[in-house]
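Heads up, the thing below is written out as structure tokens.
All chains are named by letter (A, B, ...) in the order of the sequence lines, taking the proteins before the strands, and each is independently numbered beginning at 1. A quick note: this is a predicted structure, and the numbers were derived from the prediction, not measured.
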Number of protein chains: 2
Amino acid sequence: MQGTVLSTMFAFMNVENAKAQMRKGILELCILGIIEKEKEAYPSDIIQIMKKAEIIVVEGTLYPLLSRLKKGGLLQYKWVESNSGPPRKYYTLTGEGSQYYLELKASWFNLSESVSKIIK
Amino acid sequence: MQGTVLSTMFAFMNVENAKAQMRKGILELCILGIIEKEKEAYPSDIIQIMKKAEIIVVEGTLYPLLSRLKKGGLLQYKWVESNSGPPRKYYTLTGEGSQYYLELKASWFNLSESVSKIIK
DNA sequence: AGACAGTACCTTGCAACACAAGGTACTATT
DNA sequence: AATAGTACCTTGTGTTGCAAGGTACTGTCT
């Protein structure tokens, strides 16, 4: 059972977990980026687009994040009827949101540059 | 006091916080990168090098992270006497650590590429 | 009409993690 | 003896991503 204890204790120490850690923090950036590019998007849209770009995001992550951005005044939404199911919440950027996105994008490029300096 | 409540509630919704979120998750990568490049490094070294690259990391973050990497078998250390204070813990990569670092670096480039696809 | 599948929304509880704040201990200088 | 400088480390807190579970609407097939 010692083996089990050890492998349980250090289960976190693997590349998959580290990759997950790296993904965190860029989700906000990506979501704002998608809404900006698409002009408007509803959650399932966003999940699909990110999946295509090979960044997996799930509902339990996305909904609270969208709510946060809405509460923060960066996003707004409107309900739109769908002819294939329940109505959808289409999110768009507010003026403040656009501004915020620009700053965040700049930060990403800076960070990216800094990391390159260190690891190349 | 309503104003205070609101500004406290949404204090998190700013670019500085988001930048901090983005930094998280790349720290492990950067630290391994520094140790790999320098062959060996002690914590204050690492803090200084990262500061130069404009990625701020503090002791309360670094020490637990180094311990995790040590426990995970990716790092090892040796004590080295200093003539300007207490002895230093010099960290080096283990074989497993080098392998892990390569994988993590590859993940970073993939992620970086994915983000570019989305936000450009 | 009733059952199902598909789509969409949302919440709760947990675990990981960065960080602020505080602490200990050694050396050299004043 | 006191101080400044360097180095190590721990505790507690807040934010967050995510697994798991739940509700509700629409159209289709018996």
Return the value, rounded to whole Å, for the distance between atom CG of B/Leu62 and atom P of D/dT6.
-> 17 Å
For nucleotides 8-14 of chain C, give me every protein contact, N/O to N/O, under 3.5 Å, one pair per line with atom names.
from	atom 1	to	atom 2	distance (Å)
C/dA8	OP1	A/Tyr42	OH	2.7
C/dA8	OP1	A/Arg88	NE	2.9
C/dA8	OP1	A/Arg88	NH2	2.6
C/dC9	OP1	A/Lys89	N	3.2
C/dC9	OP2	A/Tyr63	OH	2.6
C/dC9	O5'	A/Tyr63	OH	3.2
C/dC9	N4	A/Glu59	OE1	2.9
C/dC9	N4	A/Glu59	OE2	3.4
C/dC10	OP1	A/Lys89	NZ	2.3
C/dC10	N4	A/Glu59	OE1	3.0

Taking all non-hydrogen atoms of both residues, which atom of A/Leu75 and which atom of A/Ile35 are closest, and how far apart?
-> CD2-CD1, 3.8 Å
Where the side chain of A/Ser82 meets the backbone of A/Pro87, is there a donor-acceptor pair that is under 3.5 Å apart?
-> no
Please report, rounded to the nearest Å, how far the C1' atom of C/dC17 is from the CD atom of A/Gln21.
-> 6 Å
Between D/dC18 (P) and A/Ile55 (CD1): distance, integer Å = 11 Å
Is any NZ, NE, NH1 or NH2 atom of the basic residue among B/Glu40 and B/Lys78 found under 4.0 Å from an Asp or Glu carboxylate oxygen of the other?
-> yes
DNA chain C: 5'-proximal contact among B/Glu81 and B/Lys24 (nearest heavy atom) = B/Lys24
B/Ile31 and B/Met50: side chain to side chain contact (heavy atoms under 4.5 Å, CB included), yes or no, with the steps?
-> CA-CA 8 Å; B/Ile31 287 162; B/Met50 292 191 72; 4.2 Å; yes
Whole Å only: how far is the NZ atom of A/Lys71 from the C1' atom of D/dT16?
-> 14 Å
To the nearest 0.5 Å, how far apart are CE in B/Met22 and CD1 in A/Ile26?
-> 9.0 Å
Is any side-chain N or O of B/Arg68 closer than 4.0 Å to OP1 or OP2 of C/dA16?
-> no
Indicate whether OP1 or OP2 belonging to D/dC18 is found under 4.0 Å from a side-chain N or O atom of A/Arg23.
-> yes
Think A/Asn83 has a side-chain N or O under 4.0 angstrom from the OP1 or OP2 of C/dT7?
-> no
Listed by chain and number, what are the ring pair (Phe, Tyr, Trp, His ring centres under 6.0 Å) partners of B/Tyr90, not counting sequence neighbours?
-> B/Tyr42
What is the distance, rounded to the nearest whole Å, between atom CD of B/Glu16 and atom C1' of D/dG14?
-> 17 Å
B/Leu27 atom CG is separated from D/dT16 atom P, nearest whole Å, by 16 Å
Atom CG of B/Leu29 and atom P of C/dC17 are separated, to the nearest Å, by 15 Å
Considering non-hydrogen atoms only, spot the tightest contact between A/Ser114 and B/Ala53 and give its length.
-> OG-O, 2.9 Å
Using atom CG of B/Asn17 as one end and atom P of C/dA18 as the other, report the distance to the nearest whole Å.
-> 14 Å
